[in-house]
Amino acid sequence: LEKKHKLFHCMACMTARKQSVEDAQLYTKTALLKHFKHGSPAMGNDPPVAPHPFCQFCRDPYFSKDELFAHMESNHLTCAICNR
């Protein structure tokens, strides 16, 4: 899809929502970046999607702040005082 049609899936949404490739929304590169930054409105049976936070170290998007926090705790160093 990416090379031939220049269309992309949001892997953060697919992972969090446990969507199959057939069920996941397709985006152009510009639309995907807008989706990351601003989220998406409700579509069909899917609820609206909030903007996706990015890991400041590996620059990957995450579906929610909770998922980003879990990623940060398991993959990057945290402060021993505040646990952040």
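Keep in mind it's a predicted model, so treat the numbers as computed, not measured.
The CG atom of Leu32 sits 11.0 Å away from atom CE of Met11, with the distance rounded to the nearest 0.5 Å. Rounding to the nearest 0.5 Å places CG of Leu33 at 11.5 Å from OH of Tyr27.
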- Task: Begin with the C-alpha distance, continue with both residues' side-chain angles, and end with the deciding distance and a verdict on side chain to side chain contact (heavy atoms under 4.5 Å, CB included) for Phe36 and Cys10.
- Result: CA-CA 8 Å; Phe36 289 151; Cys10 175; 3.7 Å; yes

- Message: Pair Cys58, Asn75 - check side chain to side chain contact (heavy atoms under 4.5 Å, CB included), show working.
- Response: CA-CA 10 Å; Cys58 51; Asn75 293 292; over 6 Å; no

- Task: Show the numbers, then the answer: is there a side chain to side chain contact (heavy atoms under 4.5 Å, CB included) between Ser40 and Lys34?
- Result: CA-CA 9 Å; Ser40 296; Lys34 183 179 176 186; over 6 Å; no

- Message: side chain to side chain contact (heavy atoms under 4.5 Å, CB included), that's the test. Do Gln25 and His9 meet it? Break it down for me.
- Response: CA-CA 6 Å; Gln25 177 72 33; His9 289 106; over 6 Å; no

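For the pair Met72 and Phe57, the tightest heavy-atom approach, listed with the atom from each and the gap, is CE-CE1, 3.3 Å. The two atoms that bring Pro61 and Ala12 nearest to each other are O-CB, 3.9 Å, heavy atoms only. Of all the heavy atoms in Val49 and Cys13, the pair that sits closest is CG1-SG, 4.0 Å.
For the residue pair Tyr62 / His71, a side-chain donor-acceptor distance below 3.5 Å is found, with atom types taken as modelled.
Classified by interplanar angle (parallel below 30°, tilted 30° to 60°, perpendicular above 60°), the ring pair Phe63/His52 is tilted.
Qualifying salt bridge (charged side-chain N to carboxylate O under 4.0 Å, His left out) partners for Asp46, counting only residues two or more places apart in sequence or in other chains: Arg17.
Put simply, the side chain of Met14 reaches to within 4.5 Å of the side chain of Val21, judged on heavy atoms. Two residues are said to be in side-chain contact when any heavy atoms from C-beta on lie closer than 4.5 Å; Lys6 and Thr28 fail this criterion.
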